[in-house]
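As structure tokens, the structure follows; a few thoughts come after it.
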Amino acid sequence: MEIAENAALVVVDVQKGFDEAGFWGPRNNPEADDNIASLIDVWQATARPVVFVRHDSRKPESPLRTGYEGNDFKEYVERRRGKGVGGVELLVTKTVNSAFYGTPDLDAWLKGEAISQFVVAGIQTNMCVETTARMGGNLGYDVVVAYDATHTFDLEGPFGWRRSADEVAQASAVSLHGGGFARVVATKEVVDAAG
């Protein structure tokens, strides 16, 4: 795998509110946070651009609502912000699933920086990570999803169907990779290629 010298890392919604298990329910992949941290560390050490995305929920009951501590980035992310070695950093805020519908305009920023490849990590695998990856693929970017640097939660859909967080995450990965929107790989593969 090749990671471009100017490939961006897009860190999606790694916010304290996602630790509120009573709201979200059972999650998968307890190693996600360590893997996200390792990606940020490699990107900052190699002076590659990092985009931190924050979801500012408009729903009054959401743990990600603005003005509530759950809206803040998790501590390990906040500690790393601004610590890149000469690398570029961007904060995007959004109220919907895609980082491409945030402020500032992510597509315009990536194009302005002549970035054609990005790696996505964060929360939730099947929601904002997947939507950002899909849109990136549609817009012509070379998108890589670090699968084990994401996590999600159990989910109920139509007809009373319930799927575990692992099943939901796997379905998301199959859809992204099999559908040609992104390459879904392990964090170690990305770290080894970027280091």
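With sequence neighbours excluded, no residue forms a ring-ring contact (aromatic ring centres under 6.0 Å, His included) with His55. Glu78 meets the salt bridge (Lys or Arg N to Asp or Glu O under 4.0 Å) test with Arg81; sequence neighbours excluded. Partners of Asp72 by salt bridge (Lys or Arg N to Asp or Glu O under 4.0 Å), not counting sequence neighbours: none found. Not counting sequence neighbours, the partners of Asp166 by the side-chain hydrogen bond (donor to acceptor under 3.5 Å, both in side chains) test are Asn28. In terms of the side-chain hydrogen bond (donor to acceptor under 3.5 Å, both in side chains) criterion, residue partners of Arg183 (sequence neighbours excluded) are, by chain and number, Asp142.
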With a cut-off of 3.5 Å and sequence neighbours excluded, list every side-chain donor-acceptor pair involving residues 185-195.
unit_1	atom_1	unit_2	atom_2	d
Thr187	OG1	Asp148	OD1	2.6
Lys188	NZ	Asp192	OD2	2.6

Got a list of side-chain donor-acceptor pairs under 3.5 Å for residues 118-128, not counting sequence neighbours?
unit_1	atom_1	unit_2	atom_2	d
Gln124	OE1	Thr152	OG1	3.0
Thr125	OG1	Thr150	OG1	2.8
Thr125	OG1	His151	N	3.3
Thr125	OG1	His151	O	3.3
Asn126	OD1	Thr152	OG1	2.4

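For residues 117-138, the pairs satisfying salt bridge (Lys or Arg N to Asp or Glu O under 4.0 Å) are Glu130-Arg134, with sequence neighbours left out. Each salt bridge (Lys or Arg N to Asp or Glu O under 4.0 Å) pair with one or both residues in residues 110-128, not counting sequence neighbours, appears once here: Asp107-Lys111. Contacts classified as ring pair (Phe, Tyr, Trp, His ring centres under 6.0 Å) and involving residues 158-195 (residues at least two apart or in different chains) are given here: Phe159-Trp161. The stretch residues 4-24 participates, sequence neighbours left out, in these salt bridge (Lys or Arg N to Asp or Glu O under 4.0 Å) pairs: Glu5-Arg48, Asp13-Lys94, Asp19-Lys74. Pairs of residues two or more places apart, or lying in two chains, never qualify as salt bridge (Lys or Arg N to Asp or Glu O under 4.0 Å) while including a residue from residues 171-180.
For the side chain to side chain contact (heavy atoms under 4.5 Å, CB included) criterion with Asp154, the lone passing option out of Arg162, Glu167, Arg163 is Arg162. The side chain to side chain contact (heavy atoms under 4.5 Å, CB included) test with Val51 is passed by exactly one of Leu106, Val11, Val12, Ile115: Leu106.
Under the 4.5 Å side-chain criterion, counting only non-hydrogen atoms from C-beta, Leu39 is not in contact with Asp41. Side-chain contact between Phe52 and Val77 is present, with heavy atoms from C-beta onward closer than 4.5 Å. Trp43 places none of its side-chain heavy atoms less than 4.5 Å from the side chain of Ser38. Proximity of Tyr76 to Val14: side-chain heavy atoms (C-beta onward) are separated by under 4.5 Å at one or more points. Counting heavy atoms from C-beta on, the side chains of Phe73 and Leu91 come closer than 4.5 Å.
Taking the six-membered ring where the residue is Trp, Phe153 and Phe18 present parallel rings, their angle staying beneath 30° rather than reaching 60°.
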